[in-house]
Amino acid sequence: MVPITGTGLPAADDLVLTYDIGTDTPARALFSGTTHNDDGSFFVNANFGQLPPGETTVVADVSGADRQTGIVDPEVTPSTYSFELAVAPNPASPFTVTYPGTGTVVDTTTPVFTGTAQPGSTVTVTYGNKNLGNSTAGTGIADPAGNYSIPTTFLDLAPGSLGTGANVTQSNPDAQVGRLSVNFTFAQAPVPAIVPTVTATPREVTLDEAATTGVAIAATGFSPGEEVTTVVTDSAGTVVELADRELNYYADDNVGAYADTVVFADSVVADDYTITLTGVRSGIVLAVDVTVADEVVVLTPTPVITSPTEGQVLTGGTVVVSGTGPVGTGIVLTVADPSFLDGTATELPAEGHFYLTDAADPILVDDEGNWTVSVELLPGEYVTQAIAAELNADGSVDEAGGVSEFSNTVAFSLIAAAAAPSVVTPAAPVARPAGLAYTGTEATQGVVAAALMLLVGAGLLVATRRRRALSVTSAD
């Protein structure tokens, strides 16, 4: 805007100012901040924005026109003035970005920016980076003709981001335009996306470990530098308390990796838990399951039942069960109806149809790793399984001590022994009364057949049970 002052403008007139723009029709200057006094003095800010590029010389004609009709006032003598502008309203080399254009989908991850700027100006391309700051994609200098060509790289974008564009600036104090924004996207992310993953180490901990060393979490795929929240829920979906934590946790500034240690509060109970991580900025949600188990020490080796064998059919009322196990431990043996071991039956079978080792008097494993026990049972189908347990000083099972994994499961059948044939003594001959006809029959030897029941031990599917603390019930 150019300030222009003068006198001699009638009160009923408006100022008219036209200037040469190199065409047959002169342009009319635009005014702002106009002041017109009753004594004929005036002040205006005039805009000469239609001058040709690089032109600083203004040749202007000043006259008056009736305010109501707009007709030139013949009473006002037109005047011609010529003056120079310090800066051309339209630069000879306007600041432009010809590539990439706004809305362009760029098919290379290293586009070359082109355009025009003031000759000798330094042109810089910047963009918003993965850490919510700015990074420089490239810098160049406009040549004497005002053209520039700048190779760029966008390696500070977040992994997988297609970008939102760039700002292009020219460092020239005389330039009317110092910065241009170009909104474009990439067809392919300059930095490949990182697949979101999460792991927990270890996946199972004891109660003591959960509240002390905790569970180490490692994740990938978050937005670099973003805040990550952690929520832990139990098997019922209830949020559980954790040990004291810092207020904020953040992903790595470079690739969005995240590492943390989740420590439970002292009140933690044995259960299955889900640890859920959420990226506050990206909205990425990752979850991993962990188990907090009772304080169980697992003994090795696991006992093995060697007799009876799978599917064996035994006769009589006594079954000898034997096997191998860890030396110095006690064997807790269960022999019962299949429905009792697979969980179908919830109550003990009838008397004579099950056996459970008394925790106060377990089956001892000898110095050679062998054990045996005789069990009195009624005929039927059975399944047997054993565990080894640490013992107290008195030889009873230490219920707070270590236990083994469950042994192999053996299904067998027990049938009653065949009854011995009964002895039949022939009856003494009966004298026939004289003269009477014989009407009876000779007594014959009775035949007693032993009915044998073939009870086939079908392959019993024993339900897999989650390892738990040892709990036994004494049985007579």
[X] versus [Y]: any side-chain heavy-atom pair under 4.5 Å?
X	Y	result
Thr152	Val112	no
Leu364	Leu391	yes
Thr302	Glu405	yes
Asn90	Pro52	no
Asp253	Pro224	no
Pro89	Leu51	yes
Phe412	Val383	no
Asp294	Thr206	no

Is a side-chain donor or acceptor of [X] paired with a backbone partner of [Y] at a separation under 3.5 angstrom?
X	Y	result
Glu390	Gly402	yes
Thr357	Leu333	yes
Gln170	Ser121	no

Residues two or more places apart in sequence or in another chain: which of them pass side chain to side chain contact (heavy atoms under 4.5 Å, CB included) with [X]?
X	value
Ala393	none
Pro301	Pro326
Thr110	Thr108, Thr153

Please identify which of these residues, Asp143, Asn147, Thr96, meets the side chain to side chain donor-acceptor pair (under 3.5 Å) condition with Thr116. Thr96

To the nearest 0.5 angstrom, please state how far the [atom1] atom of [X] sits from the [atom2] atom of [Y].
X	Y	atom1	atom2	value
Thr230	Leu242	OG1	CG	8.0 Å
Tyr148	Thr139	OH	OG1	12.0 Å
Glu226	Tyr250	CD	OH	10.5 Å
Thr124	Ile150	OG1	CD1	7.0 Å
Leu378	Leu414	CG	CG	8.0 Å
Ile217	Ile275	CD1	CD1	4.0 Å

If we count only N and O atoms by modelled type, under 3.5 Å, do the side chains of [X] and [Y] hold a donor and an acceptor together?
X	Y	value
Thr324	Asn370	no
Thr102	Asn183	no
Ser407	Gln385	no
Glu381	Ser413	no

Using every non-hydrogen atom in the two residues, find where [X] and [Y] come nearest and quote the distance to one decimal.
X	Y	answer
Leu207	Ala270	CD2-N, 3.5 Å
Ala287	Thr276	CB-OG1, 3.9 Å
Phe113	Ala166	CZ-CB, 4.2 Å
Asn167	Ser181	OD1-OG, 2.7 Å
Pro202	Gly214	CD-O, 4.4 Å
Val182	Pro100	CG1-O, 3.0 Å

side-chain hydrogen bond (donor to acceptor under 3.5 Å, both in side chains): pairs with one or both residues in residues 125-137, sequence neighbours excluded: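 Qualifying pairs: Asn129-Ser135, Ser135-Asp156.
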
Could you name each residue pair satisfying side-chain hydrogen bond (donor to acceptor under 3.5 Å, both in side chains) that touches residues 256-266, not counting sequence neighbours? Arg245-Asp260, Tyr258-Asp260

For Phe186, give me all partners under ring-ring contact (aromatic ring centres under 6.0 Å, His included), at least two apart in sequence or on another chain.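 Phe186: ring-ring contact (aromatic ring centres under 6.0 Å, His included) contacts with Phe154, Phe184.
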
side-chain hydrogen bond (donor to acceptor under 3.5 Å, both in side chains) involving [X] - partner list, sequence neighbours excluded:
X	answer
Asn392	Ser396
Ser161	none
Ser322	none
Thr274	Asp289

Tabulate below the donor-acceptor pairs under 3.5 Å that side-chain atoms of residues 189-200 make, not counting sequence neighbours, or state none.
residue	atom	partner	partner atom	Å
Thr197	OG1	Thr220	OG1	2.6

Can you confirm whether more than 12 heavy atoms, excluding those of Asn248, are under 6.0 Å from its CG atom?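 Counting neighbours around CG of Asn248, more than 12 heavy atoms of other residues, nucleotides or ligands fall under 6.0 Å, so yes.
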
Quick one: which residue pairs count as a ring-ring contact (aromatic ring centres under 6.0 Å, His included) with a foot in residues 220-239, not counting sequence neighbours?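 For residues 220-239: none.
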
Working for side-chain hydrogen bond (donor to acceptor under 3.5 Å, both in side chains), residues Thr114 and Ser149: CA-CA 5 Å; Thr114 58; Ser149 179; over 6 Å; no

